[in-house]
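Heads up, the thing below is written out as structure tokens.
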Amino acid sequence: MRLHRMLSLVIVAGLLAFASGKPCETQTSNSELNMSLNKNLLRSLETQEGLPNPSVHLALRLSNFHNLAKESEHLNKLKNDLHNDTQSSLSKSQSVVGLLSLYTLALKSSCYDLNTITFTVGGRSETLLTHLKNQMEQEKEHITFSHRPLTNYYQYSLGVLALCVSDIRVNHHVTHKLIKAADHEQFKQGDTESTDTYAMAGMALQCVKDAGSHVQNAMELDTVLSKIQQKLLASRRDDGHIGNEFSTGLAVQALLAMGRPVSECAASMEAMRTDARNNRYHNAMAISQVLPALQQKSYLTVKSKECLNEDDTLVLEPIDPVVVLPSQTKVTVTVEVVMSSGAAALYSVEVPKGRSLLEALELLKIENVGFTFDKESSLWGPFLSMVNGEQARQNDRRYWHLSSDGTALSEGISDFKIDAAQKITLKNTVY
């Protein structure tokens with residue numbers, strides 16, 4: 001009896017130790033994962049191609065851990081390279097509200113004086129925030145007459161958010177256009193609802209509510225914020241992802257910003273951790289949206305950001321270069337091109353297993369079978385702008401919709417890997 005009792009006590013003690021130890025182990029594991037993502041994002045600054053990415057800077061600044069020297073260096077690149085590129089776009093009267101907004105958020109996250117950042121157009125020098133306000137007015141007027149923004153509602157939402165976190169009172173009419181679009185469920189890309197847009201609109205409108213600047217109809221604002229929350233929650237899959245793997249980060253940010261409890265986002269956060277452990281996020285833009293969410297922050301956090309007594313312990317250890325030998329196994333990729341007229345053409349190409357879709361398309365182009373394409377750069381990487389001589393650009397309200405064996409791709413052409421024989425469809429689509 002005594003031995004039985006002692007064994008019982010030992011078992012109970014062991015169970016208690018396991019129960020009490022597991023949360024600590026999980027917390028440590030999650031912290032290590034966040035740190036790994038943080039370092040990957042910081043390391044991307046050394047390998048990024050093209051213009052410096054303001055979204056990456058924003059995520060680094062929202063993090064709990066910093067390498068202040070590298071962040072300062074990247075800030076200077078933003079103020080030079082990105083600034084000059086934006087200046088060029090403004091001089092050509094191009095609509096760049098999304099880029100202006102991310103630039104604003106990046107500068108704000110570094111507690112930089114936004115009134116010292118100016119652009120000169122037509123011989124007149126005005127501040128970044130003035131240009132952003134002017135572009136938002138143009139977007140609003142375009143909605144009035146064309147029932148859609150010059151760009152899209154994702155960029156429009158970014159504009160509202162950037163102005164709001166910068167303590168600029170957002171024009172009531174500008175805000176109202178966004179409220180109506182959300183209420184009438186106009187956040188779509190093609191026939192699919194855009195989780196990213198609902199998330200960004202949610203953060204923007206929550207900021208407006210917190211600022212108390214939409215006092216004309218507070219009930220209308222509360223109603224649409226509730227609707228956005230329900231939209232995001234309803235798009236949560238059984239595996240925890242909201243929308244898809246690459247929209248979950250922004251969705252969780254938005255839900256947290258709108259006051260949903262962390263526990264309600266637990267499954268989605270665990271889905272992102274699983275993706276991170278499986279090296280799903282090899283695109284810096286993706287990490288920049290996931291990392292704040294895993295640290296229970298959002299772009300709204302920028303509004304109250306203070307750059308005082310910041311941690312400066314983030315150090316990148318040297319890593320040995322990984323040599324990836326080209327696969328000797330080739331797979332057949334069928335490429336279908338569907339033009340805006342509905343006319344279709346089929347091509348076939350042998351591709352070494354593990355290559356990107358972009359590399360597959362380049363191989364097909366080299367074969368001189370009549371397939372051609374052009375690409376343009378974006379913060380997410382290159383995207384198709386022209387296929388077989390036909391353009392599909394934002395200005396035309398068109399894009400090349402990509403799918404593999406009938407399933408829409410959630411990754412870009414440089415990130416999606418060809419791991420098996422499949423049919424890739426490139427379809428000129430209206431959004």
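Quick note: numbers below take in every heavy atom, side chains included, and nothing from hydrogens, waters or symmetry partners.
Scanning both residues, Ser410 and Glu245, for their nearest heavy atoms gives OG-OE1, 4.0 Å. Contact between Tyr299 and Gln253 at its shortest, heavy atoms only, is N-OE1, 3.0 Å. Shown here for Ala162 and Leu105, the closest heavy-atom pair between the two residues is CA-CD2, 4.1 Å. Contact detail for Arg398 and Ser340: the closest heavy-atom pair is NH2-CB, 3.4 Å. Scanning both residues, Val121 and His131, for their nearest heavy atoms gives CG2-CE1, 3.7 Å. Minimum interatomic distance between Tyr198 and Lys231 (heavy atoms only, all atoms of both residues): OH-CE, 3.6 Å.
Between His83 and Phe119, the ring planes are parallel. Angles under 30° get that label, and only those over 60° would be called perpendicular. Ring orientation note: the planes of His57 and His74 are close to parallel, at an angle under 30° on the 30°/60° scale.
Checking side-chain atoms of Ser72 against main-chain N and O of Leu68 turns up no donor-acceptor pair under 3.5 Å. A donor-acceptor pair under 3.5 Å is formed between the side chain of Gln422 and the backbone N or O of Ala420. Distance alone, capped at 3.5 Å, places no donor-acceptor pair between the Ser146 side chain and the Ile143 backbone. Using modelled atom types, one side-chain atom of Asn278 and one backbone atom of Thr274 make a donor-acceptor pair closer than 3.5 Å. The main-chain N or O of Leu300 is found under 3.5 Å from a side-chain atom of Ser298 such that the two form a donor-acceptor pair. At least one donor-acceptor pair under 3.5 Å links the side chain of Asp311 to the backbone N or O of His66. Of the possible donor and acceptor atoms, none in the side chain of Thr120 sits under 3.5 Å from a partner among the backbone N and O of Gly123. Side-chain atoms of Thr248 come within 3.5 Å of backbone atoms of Ile242 as a donor-acceptor pair (strictly under, hydrogens ignored). The closest donor-acceptor contact from the side chain of Thr223 to the backbone of Met219 lies under 3.5 Å. Side-chain atoms of Lys303 come within 3.5 Å of backbone atoms of Cys164 as a donor-acceptor pair (strictly under, hydrogens ignored).
The pair Glu264-Arg236 fails the salt-bridge criterion, with no side-chain N (NZ, NE, NH1 or NH2) lying under 4.0 Å from an Asp/Glu carboxylate O. Contact check on Glu126 versus Lys133 returns no salt bridge, with no Lys/Arg side-chain nitrogen under 4.0 Å from an Asp/Glu carboxylate oxygen.
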Just do the side chain to side chain contact (heavy atoms under 4.5 Å, CB included) check on Glu411 and Arg280 with the steps written out, would you? CA-CA 10 Å; Glu411 295 178 279; Arg280 193 84 167 89; 3.1 Å; yes
CA sep, side-chain torsions, deciding dist, call: Glu270, Arg273, salt bridge (Lys or Arg N to Asp or Glu O under 4.0 Å): CA-CA 5 Å; Glu270 190 54 38; Arg273 293 188 191 104; 3.1 Å; yes
Stepwise, does the side chain to side chain contact (heavy atoms under 4.5 Å, CB included) test hold for Arg260 with Leu233? CA-CA 10 Å; Arg260 307 300 291 206; Leu233 292 171; 3.4 Å; yes
Residues Asn244, Arg237; criterion side chain to side chain contact (heavy atoms under 4.5 Å, CB included); working and verdict: CA-CA 8 Å; Asn244 62 46; Arg237 304 183 330 205; 4.1 Å; yes
Does the pair Ser91 and Gln87 meet the rule for a side chain to side chain contact (heavy atoms under 4.5 Å, CB included), with working shown? CA-CA 6 Å; Ser91 298; Gln87 171 69 73; 3.1 Å; yes
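Surrounding NZ of Lys427 are at most 12 heavy atoms belonging to other residues, nucleotides or ligands under 6.0 Å away. More than 12 non-hydrogen atoms from other residues, nucleotides or ligands lie less than 6.0 angstrom from CD of Glu46.
Using a 4.5 Å cut-off on side-chain heavy atoms (C-beta onward), Leu60 and Asn38 make contact. Using a 4.5 Å heavy-atom threshold, the side chains of Leu128 and Leu107 count as touching. The closest side-chain heavy-atom distance from Lys417 to Lys353 is not below 4.5 Å. With a 4.5 Å cut-off on side-chain heavy atoms, Met269 and Val262 count as touching. Annotation: side chain of Asn283 is not in contact with side chain of Phe246 (no heavy-atom distance under 4.5 Å). Looking only at side-chain heavy atoms (C-beta outward), Leu426 and Phe373 stay at 4.5 Å or farther from each other. Put simply, the side chain of Tyr154 does not reach to within 4.5 Å of the side chain of Gln189, judged on heavy atoms. Side chains of Gln296 and Cys265 form no contact here, defined as non-hydrogen atoms less than 4.5 Å apart.
The one candidate from Leu158, Leu100, Val96 that meets the side-chain contact (heavy atoms from CB on, under 4.5 Å) condition with Leu132 is Leu100. Between Ile168 and the options Thr130, Leu114, Leu163, a side-chain contact (heavy atoms from CB on, under 4.5 Å) holds for only Leu163. Test Ile413, Leu384, Thr425 against Trp400 for side-chain contact (heavy atoms from CB on, under 4.5 Å) and you get one pass: Leu384.
Rounding to the nearest 0.5 Å gives a distance of 6.5 Å between SG of Cys111 and NZ of Lys305. Between Asn67 atom CG and Arg43 atom CZ the span is 11.0 Å, to the nearest 0.5 Å. Gln94 CD to Ser88 OG: the interatomic distance, rounded to the nearest 0.5 Å, is 7.0 Å. Between the NE2 atom of His176 and the CG atom of Asn171 there is a distance of 12.0 Å, given to the nearest 0.5 Å. Here CG of Asn64 is found 8.5 Å from CG of Leu291. Values are rounded to the nearest 0.5 Å. Between the OG1 atom in Thr175 and the CE atom in Met136 there is a gap of 8.0 Å [rounded to 0.5 Å].
No hydrogens or angles considered: nothing links the side chains of Lys297 and Ser63 as a donor-acceptor pair under 3.5 Å. Under the 3.5 Å distance criterion, with hydrogens and angles disregarded, a donor-acceptor pair is assigned to the side chains of His241 and Asp239. Counting only N and O atoms by type, the side chains of Asn134 and Gln138 include no donor and acceptor under 3.5 Å apart. Residues Asn53 and Gln48 have side chains that never bring a donor and an acceptor to within less than 3.5 angstrom of each other. In this structure, a donor-acceptor pair under 3.5 Å is absent between the side chains of Tyr156 and Lys177. In this model, no donor atom of one side chain and acceptor atom of the other lie less than 3.5 Å apart for Glu32 and Ser36.
Residues satisfying the side chain to side chain contact (heavy atoms under 4.5 Å, CB included) test with Asn388, not counting sequence neighbours, are Val337, Met339, Tyr347, Phe371, Thr372. With sequence neighbours left out, the salt bridge (Lys or Arg N to Asp or Glu O under 4.0 Å) criterion links Asp405 to no other residue.
Each salt bridge (charged side-chain N to carboxylate O under 4.0 Å, His left out) pair with one or both residues in residues 139-160, not counting sequence neighbours, appears once here: Glu137-Lys140.
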